[in-house]
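Encoded as structure tokens, the structure appears first; notes follow it.
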Amino acid sequence: MEQQDAHAFEPDALEGIPLPRERTVLYGHEAAEQALLEAYRSSRMHHAWILAGPKGIGKATLAFRFARFVLAHPDPASAAARIAPNLTLSPDDPTFRKVAAGAHPGILHLKRPYDAKRKSKDKFKQDLTVDEVRRAVPFFGSTGSQGSWRICIVDAADDMNQNAANALLKVLEEPPKRSLFLVVAHSPGRLLPTIRSRCRMLTTQPLRDQEIASGLAEFGVAAPETREARRAAELAHGSLRKAIMLASSDAIELADGFAALVEQLPDVDIAQAHGFADAVARNGAEDAWTLFQDLVSDHLHSRLDPASGMALQRLVRVAEVWEKTSQAAREADAFNLDRKQLVLNVFRDLAETART
């Protein structure tokens, strides 16, 4: 399948960027990779893992990397598995090629289903549905070759609705032999306690700036040591996915505009604020709208730090603005309200907190 076609049927795919199942390099997560490798080679290999951590840091890439290794080395006691320094598999390996093409019979990738009938730009259902999760039943019930593994990657568990979560729980309760569940979770605390209790938790950490810079360079998004790469890494808070989105658009310019306005507080240049609000609220600027909310959240979070020495009254006021802004953004999305006015209102509130 051509890369463009493959991307069309993958939720959250980034144009021009290899899918997690296609990637040859894993940035960061050396400790998590070694934990999986050592567990596989031991007699204590758990049948289900939750790969936990913020969105966009490489959890799905790690899941496919581990799945490829297990499928290529079905016997953990084999010499090749015992001496492997990590989970790397050559791109020329037949297992790698099959997994990259989404054609390996030993992997079931559960994700939000594609729905061509949806009228929105996003052609994927909002939830990872119960019907999608139930595909695991015939998958694990089918007969594979002797000694082969069956691996289910749930990507991401955060997308499951209640019925889907219950369906996954049923499969986890009676795991077939030589089965492996890799559950990608951005917020594992939201999963059913019964799902968490049946899985081993492996927490992954946000990426370091240098790791993000390396990823941006590999994917041809931004050259290392450039301001664009440094600024994208700074704004991404450890998420390579977010850094790619930032560096691939006018987001850096938007972030600089926000920073310039914040520097003026409590006084704000009205014309400059209106220009910034126009950029955020223009039709089709969903990425800009999301970035604006992130920028406001980051700014308010930095001011909520008790170590900053801010008076209690001001801390309370900042917390109120945070909640008010979050609620207003949700209402603007739900009722298609004027985003420009919301942006201007936010700067008015930020100015008031700066004067408090």
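Just so you know, these numbers use all the heavy atoms, side chains as well, and skip hydrogens, waters and symmetry mates.
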**Message:** In terms of relative ring orientation, are Phe66 and Tyr40 parallel, tilted or perpendicular, with 30° and 60° separating the classes?
**Reply:**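 Plane angle over 60°, so perpendicular.
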**Request:** Name the orientation class of the two ring planes belonging to Phe347 and Phe292 (parallel below 30°, tilted from 30 to 60°, perpendicular beyond 60°).
**Result:**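 Tilted.
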**Message:** Before you tell me yes or no, could you show the steps for Arg241 and Ile57 under side chain to side chain contact (heavy atoms under 4.5 Å, CB included), namely the whole-Å CA-CA distance, both residues' side-chain angles and the distance that decides it to 0.1 Å?
**Reply:** CA-CA 7 Å; Arg241 173 185 175 80; Ile57 64 173; over 6 Å; no
**Message:** Quick check for you: to the nearest 0.5 Å, what is the distance between Glu234 atom CD and Ile252 atom CD1?
**Reply:**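 So the CD of Glu234 and the CD1 of Ile252 are separated by 9.0 Å.
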**Prompt:** How long is the span from the CG atom in Leu36 to the CG atom in Asn86, to the nearest 0.5 Å?
**Reply:**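 One finds 12.0 Å between CG of Leu36 and CG of Asn86.
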Do side-chain atoms of [X] reach the backbone of [Y] as a donor and acceptor pair under 3.5 angstrom?
X      : Y      : value
Ser42  : Ala39  : yes
Glu331 : Leu337 : no
Arg112 : Lys125 : yes
Arg355 : Pro266 : yes
Ser78  : Asp75  : yes
Asp269 : Gln272 : yes
Arg196 : Leu191 : yes
Ser248 : Met245 : no
Arg135 : Leu110 : no

**Prompt:** Between the side chains of Tyr27 and Glu218, does any donor sit under 3.5 Å from an acceptor?
**Reply:**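 Yes - a donor-acceptor pair under 3.5 Å links their side chains.
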**Request:** Take Arg65 and Glu33 through the salt bridge (Lys or Arg N to Asp or Glu O under 4.0 Å) test and state the conclusion after the steps.
**Result:** CA-CA 9 Å; Arg65 188 176 175 88; Glu33 183 176 31; 2.6 Å; yes
**Asked** Any cation-pi pair here, Arg150 with Phe139, using under 6.0 Å and within 45°?
**Response**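 Positive - Arg150 is close enough to the ring of Phe139 and near enough to its axis.
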Taking all heavy atoms of [X] and all of [Y], pick out the closest pair and write down the distance.
X      : Y      : result
Leu216 : Ala232 : CD1-CB, 4.2 Å
Ala255 : Arg231 : O-NH2, 3.7 Å
Thr204 : Ala32  : CG2-CB, 4.0 Å
Ala329 : Gln293 : CB-OE1, 3.4 Å

**Prompt:** Between Phe64 and Phe69, does the ring centroid distance fall short of 6.0 Å?
**Reply:**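 When the ring centroids of Phe64 and Phe69 are compared, they turn out to be at least 6.0 Å apart.
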**Salt bridge Asp333-Arg339, side-chain N to carboxylate O under 4.0 Å** =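 Yes, this pair counts.
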**Prompt:** Taking it one step at a time, do Lys59 and His186 satisfy side-chain hydrogen bond (donor to acceptor under 3.5 Å, both in side chains)?
**Reply:** CA-CA 9 Å; Lys59 300 186 300 298; His186 313 315; 3.0 Å; yes
**Request:** Decide yes or no on salt bridge (Lys or Arg N to Asp or Glu O under 4.0 Å) for Asp158 and Arg190, but give the supporting numbers first.
**Result:** CA-CA 7 Å; Asp158 307 68; Arg190 297 180 180 179; 5.6 Å; no
**Prompt:** Does the pair Arg282 and Asp250 meet the rule for a salt bridge (Lys or Arg N to Asp or Glu O under 4.0 Å), with working shown?
**Reply:** CA-CA 13 Å; Arg282 69 182 187 276; Asp250 59 358; 3.4 Å; yes
